[in-house]
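In what follows, a single structure is set out as structure tokens and then discussed.
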Amino acid sequence: MNAPAAPSLNPAQLEAVHHLSGPCLVLAGAGSGKTRVITHKIARLLHSGLAPRQIAAITFTNKAAAEMRERARGLVGARGAKDLVISTFHSLGVRMLRSDGERVGLKTNFSILDSDDVLGVLRDCGGNTDNALARRWQWTISLWKNQGLDADAAEAAAADDDQRVAARVMRLYQERLAAYQSVDFDDLIGLPLALLKRDEEVRCKWQAMFGHVLVDEYQDTNAVQYELLKALVGGGPHGFGGAGSRPFTAVGDDDQSIYGWRGATVENLRRLPQDFPSLKVIPLEQNYRSTGHILRAANAVIAGNPKLFDKKLWSELGEGEPVKVIECDGEEHEAERVVARVQALRAGRTGDGAAVKFADIAVLYRANHQAKVFEQKLRAAQIPYKVSGGTSYFDRAEIKDLCAWLRLIVNNDDDPAFLRAVTTPKRGIGHQTLAALGEFAAKRKESLFEALFAPTLSAALKGKAIDALHEFGRYVNDLEYRARHTSGAEDARVYLMGWLKDIGYEQHLHDGEDSEKLASARWTNVLDFVDWIARRCGGETAAEVAGTVEESERRSVFDVAQTISIIISIAERGEDGDVVTLSTLHAAKGLEWPHVVLAGVNEGLLPFKGSDEEMSAERLQEERRLMYVGITRAQRTLAVSWLRRRKRGRETVAGMASRFITEMKLDEAVAKEDPRERLKRLRAELVARVQASEHAAAASSPAALARKATEASG
DNA sequence: CATACATGAATTTTT
DNA sequence: TTCATGTATG
């Protein structure tokens with residue numbers, strides 16, 4: 001995937017790579033080889049004399065960062081790639097705060113709360129409010145922070161009572177975070193920015209550190225991230241932006257901006273030429289991914305949006321096949337037809353007849369719940385698949401609980417783990433106690449766990465609370481000791497089950513869950529997890545670790561726990577071979593497949609329309625970009641399906657094809673098709689079909705199945 | 001206070 | 001359909 005078709009860079013790419021002296025904006029259309037540009041530019045920068053550590057490439061996801069490092073390694077070798085600063089905005093923020101956070105009142109080993117933790121804190125702040133309200137607050141507060149507002153600014157700008165309440169909760173929340181010596185994800189951007197703005201010494205240090213900053217997916221930046229970028233590249237009268245800044249490269253595509261709802265703003269693209277008058281804007285318009293029909297459909301759809309910059313994709317890959325529209329009776333029918341198409345593609349009975357793997361095929365849709373029917377039908381047809389973008393096994397609360405304990409056992413100073421473990425299950429240690437402990441620890445610049453055994457703690461806390469904390473601490477120490485001396489799957493299982501019994505975890509699940517069924521489902525997950533860890537402690541017959549079936553080495557629980565985050569990330573990456581991908585459109589961004597089906601392309605679903613809000617022009621434009629992103633994921637064939645009847649709530653309502661299907665102007669495309677092209681295509685299809693029927697007759701597979709598949713593909 | 005039933009609402013996601 | 005929250009009843 002993502003393999004460049006061209007052996008060398010095209011003129012626009014070259015220009016982008018060679019522009020080292022000033023600010024540069026690369027408008028990288030879908031499939032135009034932007035990662036190539038970034039990696040080649042990194043190589044060029046190294047060649048021009050910058051040290052690896054002076055080059056910062058910033059991405060949005062860890063996955064993107066890992067991929068970029070991999071690609072860079074391929075180009076400049078392992079030695080050069082190792083010291084490149086390739087990281088996400090957030091991990092760069094962590095780095096800055098770990099190094100200089102003390103200047104904004106943060107001890108060096110502050111904790112980072114995940115969104116579950118945040119929800120808990122917010123519920124506390126609001127006096128044990130219900131989940132839904134707390135979630136709304138979380139949402140609102142996060143958006144505010146993304147716009148660079150603090151509690152005061154938010155309260156001043158609050159539009160109604162709800163927002164005023166949220167702003168007051170935000171103030172409490174910030175106080176609580178400070179007391180816990182914790183930050184949330186948004187703070188990982190906001191606090192470094194505050195740091196750079198406030199402290200000239202620190203600002204100079206970081207500005208001097210990076211000779212060139214590259215930002216990937218620039219259209220996804222929010223206001224605060226843009227400010228942080230400006231602060232990093234410096235220049236200008238106030239040290240931000242303007243003339244005299246360090247050179248940087250922003251790579252993005254306004255047509256692929258699909259994260260406005262979480263604070264990203266295309267404004268950042270609009271402002272870039274204004275804030276940096278010497279900005280060099282370079283559009284990359286040659287697409288190396290998709291065939292003509294697909295690209296034309298994409299261009300036609302996106303033409304419905306006002307454009308910021310002039311840019312139109314073209315391709316040398318030939319016309320390919322026309323985009324197919326599949327009209328379905330309902331969701332079930334849609335899933336059946338999609339499955340049939342998968343089978344037809346796989347049997348090579350469509351397109352140019354090249355061998356098609358399951359992994360070459362993706363089904364993309366607007367909302368997660370749409371995956372369900374496809375899963376059912378794919379399972380029924382025995383087609384392997386993976387769902388990307390859904391909640392992962394490792395995101396489940398119970399698994400995170402246990403991981404927190406293991407993290408704490410391995411690293412006593414992991415404060416987020418401490419906070420989670422010490423309160424799950426509840427053991428009479430509340431936020432009063434924890435706030436006091438946090439404050440105490442912060443003063444001493446110690447982790448919570450260290451602070452817990454300090455003799456002077458008794459000055460800050462009452463005896464009862466201290467007793468509870470000490471008991472917890474002793475228990476964790478005991479667990480740690482035994483974890484080091486327990487190895488082999490069987491003993492590990494005993495150890496882990498004993499631990500769960502000690503902390504009363506099963507009971508905890510039943511207490512927290514009012515449905516018995518759900519509680520036992522969670523407990524089953526826990527048992528799976530225990531088994532999963534135990535197996536990794538080895539010593540058993542034929543333990544299947546990383547696919548090998550050899551007698552494995554015995555490893556201690558401690559060792560296994562130590563590598564748990566790595567194991568999880570590998571398990572999550574799922575190098576799971578030849579499977580069909582089911583994914584939301586959002587999660588599909590940046591990926592590509594030879595064959596793509598866009599499912600449920602209905603008015604109301606894509607463009608999505610909630611129950612009672614009317615759609616603003618901006619919302620519609622973002623939906624259109626989403627459609628554009630979907631179309632441009634396809635390399636060789638694209639099918640778009642929609643539902644004549646759609647379920648909404650309990651009732652079934654008439655479904656309408658999305659306006660985006662009309663906007664693709666498919667009829668026009670076929671009509672304008674070169675007659676020779678068309679003849680060639682039809683003949684190829686015919687040949688493929690004849691071959692297919694021969695193949696079907698020869699194979700033992702039921703003829704009915706083959707007929708069905710052919711039907712659906714034609 | 002806990003359980004049972006009714007009613008209403010349903011995006012997108014990374015760190 | 002499913003999930004979560006609210007209300008009524010024991």
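Quick caveat: nothing in here was measured; it's all calculated off a predicted structure. Each chain gets a letter, A, B and so on, in the order the sequences are listed, and its residues count up from 1.
Contact annotation for A/Asn62: backbone-only contact, meaning every heavy-atom pair under 4.0 Å involves sugar-phosphate atoms and none involves a base.
Summarising the geometry, the separation between CD1 on A/Ile112 and C1' on B/dT14 is reported as 14 Å, rounded to the nearest angstrom. Taking atom CG of residue A/Leu585 and atom P of nucleotide B/dT14, one finds them 14 Å apart after rounding to whole Å. When rounded to the nearest whole Å, the span between NZ of A/Lys63 and P of B/dT14 equals 9 Å. The distance from atom CG of A/Leu92 to atom C1' of B/dT14 is 16 Å, rounded to the nearest whole Å. In this structure, the CG atom of A/Leu626 is 15 Å from the P atom of B/dT11, given to the nearest Å. Note: CD (A/Gln376) to P (C/dT1) measures 12 Å, nearest angstrom. Taking atom NZ of A/Lys609 as the reference point, atom C1' of B/dT12 lies 17 Å away to the nearest angstrom. When the P atom of B/dT14 is taken as reference, atom CD of A/Gln138 falls 15 Å away, rounded to whole Å.
An OP1 or OP2 oxygen of B/dT14 is reached within less than 4.0 angstrom by no side-chain nitrogen or oxygen of A/Thr88.
If you check the side chains of A/Glu623 and A/Gln621, you find no donor sitting under 3.5 Å from an acceptor.
Between A/Trp261 and A/Trp139, the ring planes are parallel. Angles under 30° get that label, and only those over 60° would be called perpendicular.
When the nucleotides B/dT13, B/dT15, B/dT11 are ranked by their closest atom to the side chain of A/His586, B/dT13 comes out on top. For A/Lys372, counting side-chain heavy atoms from C-beta on, the closest listed nucleotide (B/dT12, B/dT15, C/dT2) is C/dT2. Here the side chain of A/Asn368 is nearest to one of B/dT13, B/dT11, B/dT15, namely B/dT13.
By the stacking rule of 5.5 Å between ring centres and under 30° between planes, A/Trp261 stacks on the base of B/dT12.
A/Leu92 and A/Ile58 make their closest contact through CD2-CD1, 3.8 Å (heavy atoms, listed as atom of the first residue, atom of the second, distance).
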Can I get a per-line list of side-chain donor-acceptor pairs under 3.5 Å for residues 248-259 of chain A, giving both atom names and the distance, sequence neighbours left out?
residue, atom, partner, partner atom, Å
A/Thr249, OG1, A/Lys41, NZ, 2.9
A/Thr249, OG1, A/His212, NE2, 2.8
A/Asp253, OD1, A/Asp255, N, 3.0
A/Asp253, OD1, A/Lys311, NZ, 2.9
A/Asp253, OD2, A/Gln256, NE2, 2.9
A/Asp255, OD2, A/Lys311, NZ, 3.0
A/Gln256, OE1, A/Arg633, NH2, 3.3
A/Tyr259, OH, A/His586, O, 3.4

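Not counting sequence neighbours, A/Gln138 has no partner by the side-chain hydrogen bond (donor to acceptor under 3.5 Å, both in side chains) test.
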